[in-house]
Amino acid sequence: MKAGNVILEKLKEKLKESLLAVVPIIVIVLLLSFTIAPLSASILLCFIIGAILLIIGMMFFTLGAEMAMTPIGERVGTCMTRSKNILVIIFLSFFLGFMITISEPDLQVLANQVPSVPNAVLIFAVASGVGFFLVMALLRMFFNVSLPGILIIFYAIVFILALFAPDHFLSVAFDSGGVTTGPMTVPFIMALGVGVSAVRNDRHAADDSFGLVALCSIGPILAVLILSMVYQPQNASYHAFVMPDISNSIELGNLFFREIPAYSIEIAVSLLPIVLFFSVFQITVLKLRKYQLMKILIGLIYTYIGLVLFLTGVNVGFMPAGNYLGRMLGAMNASWILVPIAMIMGFFIVKAEPAVYVLNKQVEEITDGAITANKMGTGLSIGVSLSLGIAMIRVLTGISILWFIIPGYALALGISFFVPKIYTAIAFDSGGVASGPMTAAFLLPLAQGACYSLGGNLFTDAFGVVAMVAMTPLITIQLMGIVSHFTVKRKEMKMVLAKPSKAFAVLDENAIIEL
């Protein structure tokens, strides 16, 4: 009975968090639809129902991730590190990275958007890239290697390859790095890092528990860039988004009821490898008690329900609204209004990303409250807001993504040498985390719709939104780290200066007494 009450209280808490995250987006879209960008009744109804599903889905997912995905990842990471067998760590980390990436629902979306490359080839290549970089990330933690140096080497390789890749593949390649670190991947990989760091017990262990997502985000970019050169596709085509046309409530219901079974199967297939791996690990190594095992199983069920509802709401309700809004705003005489509107949306929409919640909580716990979830949320919101402004400038002007990506990453990597290690790792993790399904299914369609109305090239101008969202938090979070670092140093200096004066006061008082 007590356990039931605890779960009920937790669900209420998660519902409140979901409402705070999603309601601002609903308000912004409704304001636009009733003023400058009117939506059809079909699209507006789909959006409202999608928003309800999204709120309920976030509630279940965040609780499920807390109860299941995080404990599984931490226990697996702890067991791997305690084995101290490098071959075991390499094999298991590659296998886990490969398996979880194939489980990521957003990877299917990416595969359908890349022309002239078979879906299976792309999925296995991207999954191999993530697996390889998860090996690199865990070995970095195991041998206590500095993160900025590794990031500079691999991003240098990325940008060299980008010079030889077809133009229409650049944006898709950089988008892939953010899309594949989504709601399935992030909780598990971040918890894996916490589990590994828990065994190390040195002063840099907490700092190194972050950075896994940062390195894993590089794998998909390299994989898509290499594939673009191997396949050398010439004809990249984009199919215009088909808007829902609903005449009555039954058709509206059928639209959602038809998609829920499809996403139920997709998420079941996605979760199955994780469940099977955990089952084998439980039987052979973990041997958890019945209560712990039941808690994790209930958490997996909540994760499943949450992801099904979340993805149904986002893809059926939010995607058409985002695309249609983009078309309406792009068709206006004052199309520049796209920039401030996208920035406002970006500020709030990142709060609705499921994996962002996991990151913020993890950061608060690992730093013992020194970096609060609210501070992280504010830093991410500012970063994503800036990125959406830049993305819409690209849509309006057609400027190549390299003009923003290269200076942006150069600045982020340059700052990393002057920031405390933990802020660099958190910042580069946050880039992949912030660019999840909400970005892919609402902001990317918004850019595509605007680009369609403006007559631009969708592959070179509209794609790249996810990449921009993944880049700017690297800078804002590190700048936040610099400010925080100097604030702490100033407080310490004040305390040091204050101590001698007190000591002198005591000496003077003693001298007076003696006299």
Side-chain angles (χ1 to χ4, degrees), residues 61 63-105 107 124 127-128 130-142 180-201 205 208-213 215-216 219 267-307 355 358 361-362 365-366:
F61 172 81
L63 181 57
E66 198 174 279
M67 292 174 66
M69 301 295 282
T70 300
I72 291 172
E74 287 180 4
R75 283 176 169 84
V76 170
T78 302
C79 291
M80 280 171 55
T81 311
R82 281 180 178 159
S83 73
K84 297 188 183 299
N85 188 321
I86 298 297
L87 291 177
V88 170
I89 292 171
I90 290 171
F91 172 76
L92 277 180
S93 54
F94 180 85
F95 174 75
L96 286 169
F98 186 90
M99 177 187 70
I100 295 164
T101 304
I102 289 177
S103 302
E104 187 60 61
L107 183 54
F124 278 94
S128 299
V130 174
F132 174 77
F133 276 91
L134 185 57
V135 172
M136 297 295 294
L138 288 174
L139 289 177
R140 180 193 77 81
M141 291 180 66
F142 197 74
T180 48
T181 47
M184 193 70 74
T185 313
V186 169
F188 194 89
I189 288 180
M190 289 199 67
L192 201 65
V194 173
V196 173
S197 67
V199 178
R200 272 181 38 185
N201 289 327
D208 288 342
S209 64
F210 296 98
L212 272 74
V213 176
L215 284 169
C216 289
I267 300 302
V269 172
S270 297
L271 275 174
L272 183 62
I274 296 172
V275 173
L276 291 175
F277 177 80
F278 174 69
S279 301
V280 173
F281 218 69
Q282 161 67 12
I283 293 166
T284 56
V285 180
L286 289 178
K287 297 182 170 63
L288 297 176
R289 287 178 294 179
K290 187 177 178 181
Y291 171 75
Q292 293 173 307
L293 191 60
M294 285 300 297
K295 185 180 177 182
I296 287 173
L297 290 174
I298 292 168
L300 285 170
I301 293 168
Y302 284 160
T303 302
Y304 174 75
I305 294 169
L307 278 175
V358 178
K361 285 290 183 185
Q362 201 91 291
E365 288 172 12
I366 290 293

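Since we're looking at a predicted model, the values are computed, not measured.
- Within the structure, the salt bridge (charged side-chain N to carboxylate O under 4.0 Å, His left out) test picks out no pair touching residues 276-285 (sequence neighbours left out).
- When all heavy atoms of Ala65 and Pro71 are compared, the closest pair comes out as O-CD, 4.1 Å.
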Please list every donor-acceptor pair under 3.5 Å in which a side-chain atom of residues 86-94 meets a protein atom from a residue at least two apart or in another chain.
residue	atom	partner	partner atom	Å
Ser93	OG	Ile89	O	2.5
Ser93	OG	Ile90	O	3.2

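- Minimum heavy-atom separation, Arg140 to Gly211: NH2-CA, 4.4 Å.
- Note that CD1 of Ile274 is 11.5 Å distant from OG of Ser279, once rounded to the nearest 0.5 Å.
- Judged as a ring pair (Phe, Tyr, Trp, His ring centres under 6.0 Å), and not counting sequence neighbours, the contacts of Phe124 are Phe98.
- Note that CD1 of Ile301 and CG of Leu63 are 12.0 Å apart. Values are rounded to the nearest 0.5 Å.
- For Leu293, the side-chain contact (heavy atoms from CB on, under 4.5 Å) criterion is met by Phe278, Gln282, Leu297, not counting sequence neighbours.
- Judged as a side-chain contact (heavy atoms from CB on, under 4.5 Å), and not counting sequence neighbours, the contacts of Tyr304 are Ser264, Ile267, Ala268, Leu271, Val308.
- Take Tyr302 and apply the ring pair (Phe, Tyr, Trp, His ring centres under 6.0 Å) test, not counting sequence neighbours, and it matches Phe60.
- Considering only residues two or more places apart in sequence or on other chains, Glu74 meets the side chain to side chain donor-acceptor pair (under 3.5 Å) condition with none of them.
- Between Phe281 atom CZ and Lys287 atom NZ the span is 11.0 Å, to the nearest 0.5 Å.
- Between Phe133 and Leu212 there is no side-chain heavy-atom pair separated by less than 4.5 Å.
- Within the 4.5 Å cutoff, the side chain of Met67 has no heavy atoms near those of the Ile296 side chain.
- Side-chain atoms of Leu288 and Arg75, non-hydrogen and from C-beta on, do get closer than 4.5 Å to each other.
- The line from CD1 of Ile298 to OG1 of Thr303 is 11.5 Å long, rounded to the nearest 0.5 Å.
- When all heavy atoms of Gly299 and Ala68 are compared, the closest pair comes out as C-CB, 3.5 Å.
- Taking CG of Leu215 as the start and CG of Leu134 as the end, the distance is 9.0 Å to the nearest 0.5 Å.
- The two atoms that bring Cys79 and Val285 nearest to each other are SG-CG1, 3.8 Å, heavy atoms only.
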